[in-house]
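Down below is the structure, laid out as structure tokens.
Basis for what follows: all heavy atoms, side chains included, without hydrogens, waters or symmetry-related copies.
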Amino acid sequence: MQATGGGRYLKLIRSHLGNLSRRGTDRYGLKPTDMWMASLDLRTKSYPESEPMARAGRRVYRDIASPFGSSIYWDQPQLVAAHAVTSLTGVPAYREAADRYVRAFLNAGIATNGLFEWGNHRYYDAYKDRVAHFAGGPHEIRPIPPAWQLFWNVNPAATEREIRVAAARHVTDPDTGAFSRHDEAKGALAFIEAGGILSESLCWLYAKSKDSGLLEAALQIARYSHGFRNPSTGLIENNPSVQRWDKFVSTSEVGLWASSLLRAATLSGRDEFAAMAADGVSAYLRYAYDAKAGEYYGQVRVKDGAPVLKDNPVPGPEEYWPGNYADIWNANFPAHDYPMAMADTCVELFRRTGEERYREAVRRWAGVVEAHPAPATAKNGRGGYAELFGRAIHFLLKAAEVMKDPRYRSMAAALAADAERILYFDGMFRGHAGEDRYDAVDGVGYLLLALVYLETGKEPEYLGFGF
């Protein structure tokens, strides 16, 4: 695909990563480290210690934003971007800074059982010089498929142990593949995205080790979720393990699950993963599109495919479910709403199969992007998030390449210009439009990687991470 940008965005990316790796590291507490801080005040390039900025609560619940600390789980896309910039420029400083971060984390952030101290309930507290657990502190790896190669490059043994122990602790019944999003059986929630990432991770290690037991475990986990596919509609339950709202619906989260399974198929050579992915996505596409509105529904009932519509069409900040329509600018996390991940998966399924249903879906998703310009201002402290810019740009670029339609590339370039105008401030990218603040959890790395794709005309090496 033709390159776009003429080096403009590469300069912005280099400035952002340079500021982050030089001025945004952990220089707090008694033991400074090479870890990057999860939050920065962009005016000072320091941790925003004064309230109300000290704790980022504008997108996430609990302490996922890692207050006063560093969160390598959420930093993975940026670490991958640092490697990509070194590959493009030949300047080793970006890759070296990323590897120093990984090494520092592995030195301080591995539990005695071998699990990485990361995810949605663990992070490194830079002020107390130790790992922090919150909301029970379980191990969790969702919604980012880990960039395992980053860690393997530094410590293969620790990386292999993390994957094996995570699978053993997250799988609650090896015979059926039943699993939990947390590494504990009590109150297990089998979020479909978590199962996809577990399967993909095991297949990644299988590709390294050729241990057939890993492949069989990955298949069992994927089959477990696929087994909750309604025989009439083909729709797959988002979370089959408990009697609550997400057991009875399918959302665009099935696209995130399917993307992991497609990569698992490539890693393992087993077509069954791709077939399950196609089943889940095809059913969602069959029922979820509202042709009159030109939108995809946020939730459709598994039993009959009917949309779930609520009196409050856009959920409030404490409501973690999709609104009446899938929202490409959804400011809540977690909302089980990943429309651009679904769109990306549709492009990949079209590339693999050439089937018209996926071509049509790509065109419809592009129409959704076109109908919803990037939010230029914040509402209730929320604006256009960096991750969501990155996901939309990536989808459009991939669609342009696979569909051979230059209009999508033009749309991506226009959205990149919006991202610069709305998010770039004093040498770095904001997490969102609401404040002069950078937060790792806001997904700036997704934007950086999408801009690299835009600049070069080809996707960078993701080191295991997947959009």
Side-chain angles (χ1 to χ4, degrees), residues 59-66 71-74 76 111 113-123 133-146 148 162-174 176-204 217-218 220-228 236-261 263-264 276 280 299 302 319-322 332-338 341 441 465-466:
R59 177 186 177 206
V60 297
Y61 72 157
R62 300 178 181 148
D63 284 341
I64 291 175
S66 308
S71 181
I72 200 168
Y73 182 74
W74 294 102
Q76 288 176 98
N113 62 9
L115 288 179
F116 288 1
E117 300 271 22
W118 68 354
N120 296 331
H121 298 270
R122 305 178 181 187
Y123 66 96
H133 289 192
F134 60 93
H139 178 273
E140 186 173 15
I141 44 174
R142 68 172 189 94
I144 300 175
W148 292 120
E162 150 70 13
I163 295 172
R164 288 183 181 274
V165 174
R169 292 178 62 89
H170 282 264
V171 173
T172 59
D173 185 347
T176 65
F179 65 90
S180 173
R181 65 172 176 147
H182 294 157
D183 69 320
E184 56 191 19
K186 182 180 179 181
L189 295 174
F191 290 175
I192 195 169
E193 59 175 345
I197 290 170
L198 285 170
S199 290
E200 179 182 354
S201 298
L202 288 166
C203 286
W204 185 89
Q220 284 294 85
I221 294 167
R223 288 168 182 160
Y224 174 80
S225 294
H226 186 258
F228 289 91
I236 299 176
E237 298 175 13
N238 259 44
N239 176 19
S241 59
V242 294
Q243 297 288 316
R244 66 178 208 177
W245 71 271
D246 45 357
K247 177 175 176 56
F248 305 104
V249 303
S250 186
T251 78
S252 60
E253 187 171 301
V254 74
L256 195 63
W257 171 76
S259 69
S260 280
L261 265 57
R263 289 188 293 273
M276 287 187 278
Q299 306 174 51
V302 168
E319 297 168 329
Y320 300 115
W321 52 79
N332 288 354
F333 175 81
H336 303 279
D337 189 20
Y338 299 99
V441 74
F465 161 75

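Legend: residues meeting ring pair (Phe, Tyr, Trp, His ring centres under 6.0 Å) with F116, ordered by chain and number and at least two apart, are F105, W118, F151. Partners of E200 under the side-chain hydrogen bond (donor to acceptor under 3.5 Å, both in side chains) rule, at least two apart in sequence or in another chain, are S260, R263. Qualifying side-chain hydrogen bond (donor to acceptor under 3.5 Å, both in side chains) partners for S225, counting only residues two or more places apart in sequence or in other chains: none.
Inspection of the E117 and H133 side chains reveals an N or O donor paired with an N or O acceptor under 3.5 Å. Side chains of N239 and D246: a donor-acceptor N/O pair is present below 3.5 angstrom, by distance only.
A donor-acceptor pair under 3.5 Å links the side-chain atoms of T172 to the main chain of A178, judged by distance alone. The closest donor-acceptor contact from the side chain of S199 to the backbone of G196 lies at 3.5 Å or more, if one exists at all. S71 places no side-chain N or O within 3.5 Å of a backbone atom of S66 that could act as its donor or acceptor partner. A donor-acceptor distance shorter than 3.5 angstrom exists from the side chain of Y73 to the backbone of I144, with no hydrogens or angles considered.
Smallest separation of non-hydrogen atoms from S250 and N238: CA-OD1, 3.5 Å. The shortest non-hydrogen separation linking R122 to L115 is NH1-CB, 4.3 Å. Smallest separation of non-hydrogen atoms from L202 and A167: CD2-CB, 3.6 Å. Looking at every heavy atom in both residues, F179 comes nearest to A188 through O-CB, 4.4 Å. The nearest pair of heavy atoms linking V441 to I64 is CG2-CG2, 3.7 Å. The two residues P145 and I197 come nearest to each other via the heavy atoms N-CD1, 3.9 Å.
Put simply, the side chain of P146 reaches to within 4.5 Å of the side chain of S201, judged on heavy atoms. Using a 4.5 Å heavy-atom cutoff, the side chains of R169 and N113 are in contact.
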Practice problem: Would you please test E253 and D337 for side chain to side chain contact (heavy atoms under 4.5 Å, CB included) and show each step? | Solution: CA-CA 6 Å; E253 187 171 301; D337 189 20; over 6 Å; no

Practice problem: Would you sort out whether V242 and K247 count as a side chain to side chain contact (heavy atoms under 4.5 Å, CB included), showing the intermediate values? | Solution: CA-CA 7 Å; V242 294; K247 177 175 176 56; 5.7 Å; no

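Taking the six-membered ring for Trp and thresholds of 30 and 60 degrees, W74 and F333 have ring planes more than 60 degrees apart, a perpendicular arrangement. Classified by interplanar angle (parallel below 30°, tilted 30° to 60°, perpendicular above 60°), the ring pair W245/W321 is perpendicular.
In this structure, the ring of F228 has its center no less than 6.0 angstrom from the ring center of W257.
Evaluated for a side chain to side chain donor-acceptor pair (under 3.5 Å) with H170, the options E140, H182, R181, H139 yield exactly one hit, H139.
The CD atom of E237 sits 9.5 Å away from atom CD1 of I192, with the distance rounded to the nearest 0.5 Å. Note that CG of L198 is 10.5 Å distant from CD1 of I163, once rounded to the nearest 0.5 Å. Atoms NE2 and CG, from H336 and L256 in turn, are 11.5 Å apart once rounded to the nearest 0.5 Å.
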